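Data block below; observations after.
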2 protein chains.
Amino acid sequence: MQTDHLTATFSALADPTRRAILARLAAGEATVTELAEPFSISLPAISRHLKVLEAAGLISRGRDAQWRPCRIETGQLEAVEGWVGRYRKLWQARFEKMDAYLAEIQKGNPDGPKQ
Amino acid sequence: MQTDHLTATFSALADPTRRAILARLAAGEATVTELAEPFSISLPAISRHLKVLEAAGLISRGRDAQWRPCRIETGQLEAVEGWVGRYRKLWQARFEKMDAYLAEIQKGNPDGPKQ
DNA sequence: CTCGTATTTAACGAGTGTGTTATTTAACGA
DNA sequence: TCGTTAAATAACACACTCGTTAAATACGAG
């Protein structure tokens with residue numbers, strides 16, 4: 001069991017079924033059977049996926065009679081955005097270079113800016 | 001071997017060693033031994049981590065004599081940001097609700113806004 | 001060609017993740 | 001209480017991941 005939150009979160013997101021579950025939950029709360037409906041895998045398998053998502057802090061579960069409604073939690077998604085945001089300047093710099101290149105070409109210099 | 005790009009990317013990011021390697025590469029290119037230096041694991045283990053990162057499209061590798069310089073690639077990081085960005089409105093809505101709540105409290109209504 | 005350095009591949013073991021079916025627990029309702 | 005429905009857990013199989021050490025490969029220098 002990994003204690004690192006970011007590791008648990010990325011690990012939980014590294015599964016198409018779990019990402020699809022999150023996408024469904026973005027539209028609103030749902031029960032386990034409702035979440036399982038689109039998939040061809042067994043209910044226990046879905047239950048385990050939900051356990052992983054809950055352990056990662058990506059969802060939380062309430063209780064309504066025998067139903068356990070699942071709700072998406074945004075905290076860890078924000079953490080992921082925060083993590084990837086630290087690299088944003090890398091591709092923004094690349095875009096700016098590309099912009100400069102295209103501007104140079106439009107000025108009639110088809111080889112791009114000189115070094 | 002999973003073909004889903006997002007799955008491969010999240011899976012590659014679900015490891016603290018690999019994230020640390022990416023952090024190092026954000027500062028510039030590095031060779032395998034340079035990347036291995038901060039870690040207490042063997043060089044073949046690092047080599048495998050780099051293979052995972054490369055397969056996920058998070059890095060690329062050149063060749064300079066017997067050195068294989070690694071370079072970070074931003075495409076998949078942008079893909080991650082794009083994916084998580086689809087959920088941004090969820091926590092922004094929550095923030096807005098919180099703002100409204102705080103504004104209501106400041107107006108002298110300590111129970112918050114009425115439904 | 002041979003040696004040294006950088007890196008990868010091979011082979012293996014321990015641990016983990018994901019699926020299954022069968023069973024169990026929890027809660028409602030007649 | 002009994003039966004039904006919702007969900008979780010148990011027990012098992014299979015594959016994958018991650019680490020190791022030992023051997024192989026790629027390249028440059030002498």
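In what follows, every heavy atom counts, from backbone to side chain, and hydrogens, waters and symmetry copies are set aside. Sequence lines set the chain letters: A, B, ... in the order given, protein chains first and strands last, and positions in each chain run from 1. Fair warning: this is a prediction, and the values are worked out from it, not measured in the lab.
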**Item:** Nearest heavy-atom neighbours spanning Ile46(A) and Ala36(A)
**Value:** CG1-CB, 3.6 Å

Find the distance [X]:[atom1] to [N]:[atom2] and express it as a whole number of Å.
{"X": "Arg19(A)", "N": "dT18(C)", "atom1": "CZ", "atom2": "P", "value": "12 Å"}
{"X": "Glu54(A)", "N": "dA7(D)", "atom1": "CD", "atom2": "C1'", "value": "13 Å"}
{"X": "Phe10(A)", "N": "dT17(D)", "atom1": "CZ", "atom2": "C1'", "value": "18 Å"}
{"X": "Ile41(A)", "N": "dA8(D)", "atom1": "CD1", "atom2": "P", "value": "14 Å"}
{"X": "Leu53(A)", "N": "dA7(D)", "atom1": "CG", "atom2": "P", "value": "15 Å"}
{"X": "Ile46(B)", "N": "dT20(D)", "atom1": "CD1", "atom2": "P", "value": "9 Å"}
{"X": "Glu37(B)", "N": "dT5(C)", "atom1": "CD", "atom2": "P", "value": "18 Å"}

**Item:** Any donor-acceptor pair under 3.5 Å from Arg88(B) side chain to Glu81(A) backbone
**Value:** no

**Prompt:** Is the side chain of Glu34(B) donor-acceptor paired with the backbone N or O of Thr31(B) at a distance under 3.5 Å, no angle test?
**Reply:**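 The answer is yes, because a donor-acceptor pair under 3.5 Å joins these two groups.
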
Any side-chain N or O of [X] less than 4.0 Å from the OP1 or OP2 oxygen of [N]?
{"X": "Ser47(A)", "N": "dA7(D)", "answer": "no"}
{"X": "Arg48(A)", "N": "dT9(D)", "answer": "no"}
{"X": "Lys51(A)", "N": "dT9(D)", "answer": "yes"}
{"X": "Thr33(B)", "N": "dA6(C)", "answer": "no"}
{"X": "His49(B)", "N": "dG19(D)", "answer": "yes"}

**Request:** Describe the nucleic acid contact of Ser11(A) in one word from base, sugar-phosphate, nothing, applying a heavy-atom distance below 4.0 Å.
**Result:** nothing

**Asked** Which part of the nucleic acid, if any, lies within contact of Leu43(B), taking any heavy atom under 4.0 Å across all strands shown: a base, the sugar-phosphate backbone alone, or nothing?
**Response**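 Result for Leu43(B) = base.
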
**Message:** For DNA chain D, which residues of residues 57-70 of chain B approach it to below 4.0 angstrom with any heavy atom?
**Reply:** Arg63(B), Ala65(B), Gln66(B)

**Prompt:** When rounded to the nearest 0.5 angstrom, what distance separates OG1 in Thr33(A) from CG in Leu35(A)?
**Reply:** 8.0 Å

**Message:** Nearest to the side chain of Ala45(A), heavy atoms from C-beta on, is which of dT7(C), dC18(D), dT20(C)?
**Reply:**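 Comparing dT7(C), dC18(D), dT20(C) against the side chain of Ala45(A), the answer is dT20(C).
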
Across all strands, who's sitting opposite [N] as a Watson-Crick or G-U wobble pair, both distances under 3.5 Å?
{"N": "dG17(C)", "value": "dC14(D)"}
{"N": "dT7(C)", "value": "dA24(D)"}
{"N": "dG29(C)", "value": "dC2(D)"}

**Request:** Take Val80(B) and Tyr87(A), measure what side-chain contact (heavy atoms from CB on, under 4.5 Å) needs, and give me the verdict at the end.
**Result:** CA-CA 11 Å; Val80(B) 168; Tyr87(A) 295 89; over 6 Å; no

**Request:** Could you walk me through whether Ile72(B) and Leu58(B) pass the side-chain contact (heavy atoms from CB on, under 4.5 Å) test, one step at a time?
**Result:** CA-CA 6 Å; Ile72(B) 196 169; Leu58(B) 286 161; 6.0 Å; no

**Asked** Does the side chain of Thr7(B) come under 3.5 Å of the side chain of Arg19(A) through a donor N or O and an acceptor N or O?
**Response** yes

**Asked** If we only count heavy atoms from C-beta on, is the Arg71(B) to Leu25(B) side-chain gap below 4.5 Å?
**Response**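 No. Closest side-chain heavy atoms not under 4.5 Å.
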
**Message:** Closest-nucleotide mapping onto DNA chain C: is Pro44(A) or Asp15(A) further toward the 5' terminus? I mean the 5' end.
**Reply:**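 Looking at DNA chain C, the more 5' nearest nucleotide goes with Asp15(A).
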
